[in-house]
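Atoms within each ligand, like the ligands themselves, are counted from 1 in listed order. Since the model is a prediction, treat every value here as computed from it, not as a measurement. Each residue takes its place number in the sequence, starting with 1.
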Amino acid sequence: MSKIVLITGSSRGIGKAMALAFARAGYTVIVNYRGNQEAAEATLAQVQTYSPESMMIQADVADNEGVRAMFQTVKKQYGRLDVLINNSGINRDGMMLRMTEADFDQVLNVNLKGAFLVSKEAGRLMLRQKSGSIINMSSIVGVIGNAGQCNYAAAKAGLIGLTKSLAKELASRNIRVNAIAPGFIDTEMTAKLPEDVKKQMLGEIPMRRFGTPEDIAKTALFLAGADSTYITGQVIHVNGGMWM
Ligand code: NAP
């Protein structure tokens, strides 16, 4: 039987690249999205060419009822979950003095609380199975900070604390929890940055290129499976040398 992976926010960007990479590697993929049904359907259609048992589930990861309903479907459809990737993320950038409370809360709710809510439901299944791998999508800015992103950086730093704590809680049950901290990856999230900011960032990357969603997908595949069985509680930096 093929392994089951749930990737939150996999309608687009890095999540989509991971969905395709996992499907190609023989996993059955659950594509999650919040609002962009058209993109999710297009992703699922591509995923199903490699992995026909795959499905998509709409759920807002920041909404506990929605998350629980998603897991009812997962249980009914597959009865197990081998890998969870907490990838859903948003940004609402701005300098602190101009940032609204709503923008702060929303970013924390999706990026950090969402990972907690989804991990809790996944953890129930994985504890019963006595196996599993959870991967949290942090960010370089959760480690080094970034002016104009105090909400996002706080959420991504929080994910590292969540990762290490859950790794300690779940290790004895053969459940590993790790984080990936991407640098600058070419997706819709970064496409909206002004050209001068992008140029400046490129200058800070020793490898002289932005990362691709596929660069992150390869790392996620490694952390998910049998090649990383003694790795837990770690943050893997995938940033072209932007931070060492
Ligand atoms: P993206 O292209 O903007 O895609 C975001 C994905 O998250 C979409 O699938 C979106 O679904 C989903 N999503 C947003 N809010 C959600 C919610 N409340 N519930 C469920 N799904 C939700 O982003 P990306 O660049 O691929 O980033 C993916 C992850 O990597 C994020 O956690 C991001 O913070 C992190 N990251 C990205 C970079 C980068 O340079 N791109 C760097 C470091 C870390 P819909 O399509 O339905 O909106």
Per-ligand residue contacts, ligand 1, heavy-atom threshold under 4.0 Å: Gly9, Ser10, Ser11, Arg12, Gly13, Ile14, Asn32, Tyr33, Arg34, Gly35, Asn36, Ala59, Asp60, Val61, Asn87, Ser88, Gly89, Ile90, Val110, Met137, Ser138, Ser139, Tyr152, Lys156, Pro182, Gly183, Phe184, Ile185, Thr187, Met189, Thr190
What I want to find out is whether Asp215 reaches Arg209 closely enough, with some N-O distance under 4.0 Å, to be called a salt bridge. yes
Decide if atom NZ of Lys198 counts as having more than 12 heavy atoms of other residues, nucleotides or ligands within a radius under 6.0 Å. yes
Distance check, rounded to the nearest 0.5 Å: Lys156 atom NZ versus Asn111 atom CG? 4.0 Å
Count the heavy atoms belonging to other residues, nucleotides or ligands that lie under 6.0 Å from CE of Met95, then report whether that count exceeds 12. no
Side-chain contact, heavy-atom cut-off 4.5 Å: Leu127 with Ile175? yes
Calculate, to the nearest 0.5 Å, the distance between atoms CE and CD1 belonging to Met137 and Ile185 respectively. 9.0 Å
